[in-house]
Amino acid sequence: MVKSIAFASGKGGVGKTSVCVNVAILLAKLGFRVSLLDADFGMANSHIMLDMKIKASLADLLDGDAELAEILCETSTGIKLIPGGSGHIELLNLDKNKRWKIIRAIDELRDETDFLLVDTPAGGSDATIDFAAACDEICVVLVGEPTSFMDAYSLIKAMNLERKVKRVSIVVNLAASEANARTIFNNFVKATAKFINIELEFIGWLPKSNALQNSIVARKPITLSQNTPDRQLMKCLDLISSELQKQNFSNADGIKFFSGGG
Ligand SMILES: Nc1ncnc2c1ncn2[C@@H]1O[C@H](COP(=O)(O)OP(=O)(O)O)[C@@H](O)[C@H]1O
Ligand SMILES: [Mg+2]
């Protein structure tokens with residue numbers, strides 16, 4: 001059984017790709033077979049964090065110029081990256097058929113994948129909602145700012161209304177401590193619970209980390225470092241990765257990854 005997990009946020013720049021890429025590496029280090037779908041189509045950047053050169057992307061698959069096997073990139077960690085393509089304007093506005101085609105194309109990885117991690121675009125577009133709702137679990141990354149609260153709220157509400165999403169996992173990024181992260185989470189629950197009937201669960205947090213920032217500039221994910229430059233951050237990432245190994249499902253309606261039979 002593959003478990004699929006979406007990373008979403010509403011607001012951009014809150015740490016979705018950082019969490020997604022590093023959790024993917026930690027799961028791969030534990031021996032799981034991990035595929036990472038960069039669904040931030042047209043503005044994909046997980047390959048940059050992983051320092052990989054992309055030959056072809058989902059744009060080529062949609063054009064019929066390449067099969068899934070031809071666009072898959074294997075990283076040194078064993079992660080299979082499905083590149084979302086950067087600089088392809090046509091990928092910014094994928095219609096429903098194209099989204100469906102991508103989700104079904106990935107069925108092919110069923111027998112070689114334990115975890116499919118999906119890095120979704122910022123915003124609350126149909127693409128974000130479709131790719132997040134197609135996953136078993138949805139992980140929303142939040143920071144303690146009203147703009148992040150508002151955008152996460154709008155996204156969760158849309159997923160709840162349109163796809164009957166019943167449960168969302170929350171990671172609080174850029175918190176001062178676990179207590180501070182839990183306060184941010186509780187404030188978010190208070191602000192949303194009145195308006196949306198949904199289960200929100202705190203599954204972890206991350207401190208602000210210069211080492212994480214440096215790792216992005218150096219294009220070497222922090223979870224690949226031999227010496228642990230930031231022990232607290234690594235411990236937090238480990239905890240998030242173990243929470244994500246549990247069977248906590250969003251129970252969304254509609255098209256799902258790996259539900260195509262076969
Ligand atoms: N915990 C953190 N500590 C320090 N900087 C962070 C942290 N999380 C994110 N950042 C910074 O925020 C930027 C955006 O993060 P990214 O993961 O690309 O966000 P998103 O995918 O949500 O747009 C990163 O390039 C990094 O500089
Ligand atoms: Mg991103």
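Just so you know, these numbers come straight off a predicted model, no measurement behind them. Ligands are counted one by one from 1 in listed order, and the atoms in each one are counted from 1 as well.
- Considering both main-chain and side-chain atoms, Gly12 never comes within under 3.5 Å of ligand 1 through any nitrogen or oxygen pair.
- With 3.5 Å as the limit, one finds a donor-acceptor pair spanning the side chains of Glu137 and Ser169.
- Backbone or side-chain N, O or S atoms of Ser18 do not reach the Mg ion (ligand 2) at under 2.8 Å.
- Under the 3.5 Å distance criterion, with hydrogens and angles disregarded, no donor-acceptor pair is assigned to the side chains of Asp119 and Ser46.
- For atom 1 (N) of ligand 1, the nearest non-hydrogen atom from the set Cys20, Ser9, Pro207 belongs to Pro207.
- Here the heavy atom of the protein found nearest to atom 19 (O) of ligand 1 is Gly15 N, 3.0 Å.
- Residue contacts with ligand 1 for Lys11 are absent, since no atom lies close enough (heavy atoms, distance under 4.0 Å).
- Distances from atom 11 (C) of ligand 1 to the protein include no heavy-atom value under 4.0 Å.
- Which of Ile216, Thr120, Asp230, Leu212 comes nearest to atom 2 (C) of ligand 1 through a heavy atom is settled by distance: it is Leu212.
- Atom 25 (O) of ligand 1 is flagged as protein-proximal [any protein heavy atom, distance under 4.0 Å].
- Heavy-atom separations between Ala122 and ligand 1 are all 4.0 Å or longer.
- The backbone N or O of Leu109 sits nowhere less than 3.5 Å from a side-chain atom of Glu112 that would complete a donor-acceptor pair.
- The aromatic rings of Phe257 and Phe131 sit tilted, their planes meeting at an angle between 30° and 60°.
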message: Could you walk me through whether Lys256 and Asp136 satisfy the salt bridge (charged side-chain N to carboxylate O under 4.0 Å, His left out) test, starting with their C-alpha distance in whole Å, then the side-chain angles of each, then the deciding distance to 0.1 Å, before giving a yes or no?
response: CA-CA 8 Å; Lys256 308 287 277 200; Asp136 297 316; 5.1 Å; no
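- Nearest protein heavy-atom neighbour of atom 23 (O) of ligand 1: Gly13 N, 2.8 Å.
- Between atom 8 (N) of ligand 1 and the options Val217, Asn173, Val143, Val19, the minimum heavy-atom separation is to Asn173.
- Residue contact check: Ser18 has heavy atoms under 4.0 Å from atoms 15 (O), 16 (P), 17 (O) of ligand 1.
- Of the candidates Asn45, Asn22, Leu36, Ile216, Thr17 forms a side chain to side chain contact (heavy atoms under 4.5 Å, CB included) with just one, namely Asn45.
- At the top of the distance list for atom 27 (O) of ligand 1, counting protein heavy atoms only, stands Gln213 CG, 3.2 Å.
- Applying the side chain to side chain contact (heavy atoms under 4.5 Å, CB included) test between Thr223 and each of Ile25, Val21, Val23, Asp238 identifies Ile25 as the sole match.
- Look at Glu201 and Arg167 and you find a salt bridge, because one of the NZ, NE, NH1 or NH2 atoms lies within 4.0 Å of a carboxylate O, short of that distance.
- A donor-acceptor contact closer than 3.5 angstrom links the side chains of Ser9 and Lys16.
- If you check the side chains of Thr120 and Thr128, you find no donor sitting under 3.5 Å from an acceptor.
- In terms of polar-atom proximity, defined here as any N/O pair under 3.5 Å, Leu233 makes no such contact with ligand 1.
- The shortest N or O to N or O distance between Lys208 and ligand 1 is not under 3.5 Å.
- Using a 4.0 Å cut-off to heavy atoms of Lys16, the atoms of ligand 1 that qualify are 17 (O), 19 (O), 20 (P), 21 (O), 22 (O), 23 (O).
- Counting the atoms of ligand 1 from 1 in the order shown, those under 4.0 Å from a heavy atom of Met49 are 17 (O), 18 (O).
- Where the criterion is an N or O separation shorter than 3.5 Å, residue side chain and backbone included, Ser209 meets it with respect to ligand 1.
- Under the 3.5 Å distance criterion, the side-chain polar atoms of Lys80 are left unmatched by any main-chain donor or acceptor of Arg33.
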